[in-house]
Amino acid sequence: MWTNDRNKPLLALLAFLIGLMPTTVFAVDDDAETNADEEKPNPIKKLVEINIDPFLVPARALNVPLPGRVRTSQELLERLEKLAADDEVGGVLLNLDGLSLALPHVEELRQGLVEFRKSGKQVRSFLNSGDPNSYLLACASDEIAIAPSGSLMIPGIGRVFTYMRGYYQMQGIEYDVITAGKFKYPGFVNQREPGDAFTSEYGALLDSWYGDYVKMIAEGRNLSEEKVKELIDIGMYEPESAKNRELVDVISYYDDYRERILRREKFKRARDFESSLARVTSLQDLLTEITKEMQDAQNRYKQVGPKIAVLHARGPIVDMNLGAGFASSLIMRDQMVKTIEEIRKNKTIRAVVLHIDSPGGSAYASDIIWRALKELDAEKPVIACMSTVAASGGYYIAAPCRLIYAQPTTVTGSIGVIAMLANQASAINRMDINVYEMKRGERSLLGSGHKGLSNDDKDFLQSWIMETYDQFLSRVAEGRKMPKEEVKKLAGGRIYSGRDALEKGLVDRLGSLSDAVDAVRQMANIPESAEVKLVHYPRPSSLGELAESLFGVTGMMQAAALADSPAPQITLDRQLKFFTRSVAPLCWSPLPDLHAPFGQIERPEDAARELLGLPALDAKQNLLVP
């Protein structure tokens, strides 16, 4: 049975997964793991421990429901909702050990904790590393504890921006950049220093973020905002100092703190359960677990009753189709339209929330998706909910929605168009290569990259992208019900925080995905008494779709690693290489990773491998390399 050549890719995947099996035990009490025969009403409430570490991520690298250590922030929010409704749960203890999420994700988790506390149950937080984002989340709890040997960091908001013209010139590369709007491109690859447009635009963004950063701490710790600003300027605290300044409540080791809560509240510790992989003792067990996970994921879409679809649009918007497996990392034009059509035809789906986390990309793909969403909204209400970034094409696809939600620290706007083209004339000259042109047609070598654009070519491209820009303005004016000239004043490629976008009329409300779901439920006239199921799209890919995305044994092994890894934040440099392959109008916002102070947030497994002297996993390094 297992020696068949057809099964070799599957065997490789299974063998690789065995190597990834965790041996740890998770201290949480999952409903799915409860034996119904053993459950009896118990007057003693449970204290549920939840570990939060760098393996809590916004999305998985591959849209595949394989078991593993990685959990998404949405899964944590859904778990908190279940625990709030569980009468046997008395409270939650968060064991915070490093949070690698962006500010908008932290805000959403904070709101989840607030909703949990409305059930009358308490949330307590223990800080291991005392990193800034963990502390911001802890500030939404009833009590904060820190270890006697720990530390706390609240450094404020700071970002480093690199201007790379000199770097690319050393490689013999120059970039021609043509924009619609003075704010559209800050010049990261074709300038040596920022201009006035950049400093005013990004300065306003950081001011807005800083205001929310201060507010989160002030409200959580019952301190004045002026006092919090003074504390931020100091930045780092040892435990006694943090407690004296009312930044934390308790100094204790984790196990002592947990036992103190159990005694004081007369709680019992929720029984531990092992992860599904930790119970695997044979290849057949592993196959059974994988099959179960995939089958359960597909069965959720077959449940009866009214449903609300959450359509996730994450990553750059591209015209190619790499298969369903990559739907959590890229917005692929045809794949997204196919998914929208599936939702439209599903009569059990009464309403849709479009959950956007994208800097945009292809102008053409953005418009095709815009049209599909507009047609969907004609049949059932569609609301947009912006996550970390919904800029340029990410804003374009939000335009047809009836309402737009954003987090206060969301990056949005960037209503503008850009065309970028790399040329290697300098490199060719350095290598003493002579180039001889033969062409039939005035623009037959436009974009060839062996020389810079002529003034005539630049004028031609400027006219071309202005037509796309005018269409973009029209789409926004129609969706926002604003005069086109008013939209133009807010456009020009300028980015805004979610809070500033609310003031400008580019979004309607500040709130989370949960808020958007509540609002679209009302629009769809679904009674409060009705049980509504959330279904997430694009659907998790099946094993067959995964094989279609990643052919061969090597591909299947990469898939195993990717399925248990965070979805990549595709770097500006990789996006740049991809989008400058040819000349085309782009509704793309070339943003650096604004939510990482000094570049990308490092994946925990990469740091561990470097420490152990092991080669880095490079399975997802070439997602956007031509």
Side-chain angles (χ1 to χ4, degrees), residues 159-169 173-206 316-318 358-364 366 389-396 411-423 447 449 452-453 455 457-473 476 487-497 501 506 570-594 599 624:
R159 298 296 181 263
V160 174
F161 301 98
T162 54
Y163 282 77
M164 308 287 285
R165 183 177 184 182
Y167 169 78
Y168 286 113
Q169 283 181 330
I173 301 172
E174 292 275 3
Y175 283 93
D176 291 305
V177 180
I178 298 149
T179 66
K182 67 177 182 178
F183 293 99
K184 186 58 184 175
Y185 187 58
F188 295 127
V189 298
N190 66 337
Q191 295 178 18
R192 291 184 175 273
E193 58 185 23
D196 293 340
F198 170 84
T199 54
S200 63
E201 175 187 26
Y202 281 71
L205 182 71
L206 261 63
I317 301 174
V318 299
S358 172
S362 164
Y364 174 68
S366 298
V389 178
S392 201
Y395 189 85
Y396 197 123
V411 177
T412 189
S414 192
I415 302 168
V417 184
I418 187 170
M420 300 179 70
L421 187 67
N423 77 77
L453 294 175
N455 289 333
D457 286 341
K458 289 179 181 178
D459 291 342
F460 171 75
L461 290 174
Q462 186 71 59
S463 175
W464 189 20
I465 69 168
M466 289 305 292
E467 291 178 7
T468 305
Y469 180 49
D470 187 67
Q471 177 177 275
F472 196 169
L473 294 174
V476 175
V487 174
K488 197 170 184 178
K489 293 176 184 177
L490 302 172
R494 180 159 191 155
I495 60 172
Y496 301 91
S497 70
L506 293 176
I570 299 172
T571 64
L572 175 60
D573 190 54
R574 289 182 197 159
Q575 293 182 59
L576 190 70
K577 289 176 182 177
F578 180 80
F579 286 125
T580 57
R581 295 180 309 163
S582 60
V583 180
L586 299 170
C587 290
W588 171 55
S589 189
L591 297 170
D593 189 353
L594 293 171
L624 281 183

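For reference, positions follow the sequence shown, starting with 1.
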In Å and rounded to the nearest 0.5 Å, what is the CZ to CZ distance from F198 to F161?
4.0 Å
Please report the shortest heavy-atom distance between A491 and L473, naming the atom on each side.
CB-CD2, 3.7 Å
Once rounded to the nearest 0.5 Å, what's the spacing between atom CD1 of I465 and atom CD of Q471?
13.5 Å
At what distance, to the nearest 0.5 angstrom, does CD of Q462 lie from CG of N455?
12.0 Å
Would L506 and T412 satisfy side chain to side chain contact (heavy atoms under 4.5 Å, CB included), going step by step from the backbone distance to the final call?
CA-CA 9 Å; L506 293 176; T412 189; 5.7 Å; no
Side-chain donor-acceptor distances from residues 175-188 under 3.5 Å, at least two apart:
residue, atom, partner, partner atom, Å
D176, OD2, L453, N, 3.1
T179, OG1, G181, O, 3.3
K184, NZ, S392, OG, 2.7
K184, NZ, S414, O, 3.1
K184, NZ, S414, OG, 3.0
K184, NZ, G416, O, 3.4
K184, NZ, W588, O, 2.9
Y185, OH, F188, N, 3.2
Y185, OH, V189, N, 2.9

Shortest non-hydrogen contact from Y163 to P194?
OH-CB, 3.1 Å
Y167 side, atom OH; I173 side, atom CD1 - distance, nearest 0.5 Å:
8.0 Å
Nearest 0.5 angstrom please: Q575 CD to F578 CZ, how far?
10.0 Å
For the side chain of S589 and the backbone of P359, is there at least one donor-acceptor N/O pair under 3.5 Å apart?
no
Taking atom CZ of F579 and atom CD1 of I317, what is their separation to the nearest 0.5 Å?
8.0 Å
Please report the closest heavy-atom contact between N423 and G452, naming both atoms and the distance.
ND2-CA, 3.5 Å
Partner residues of A363 under the side chain to side chain contact (heavy atoms under 4.5 Å, CB included) criterion, sequence neighbours left out:
T468, P585, C587
Here the side chain to side chain donor-acceptor pair (under 3.5 Å) pairs for residues 186-200, sequence neighbours left out, are Q169-R192
Checking the side chain of Y496 only, and the main-chain atoms of L490 only, is there a donor and an acceptor separated by less than 3.5 Å?
yes
A204 to R494 - nearest heavy-atom pair and separation
CB-NH2, 3.9 Å
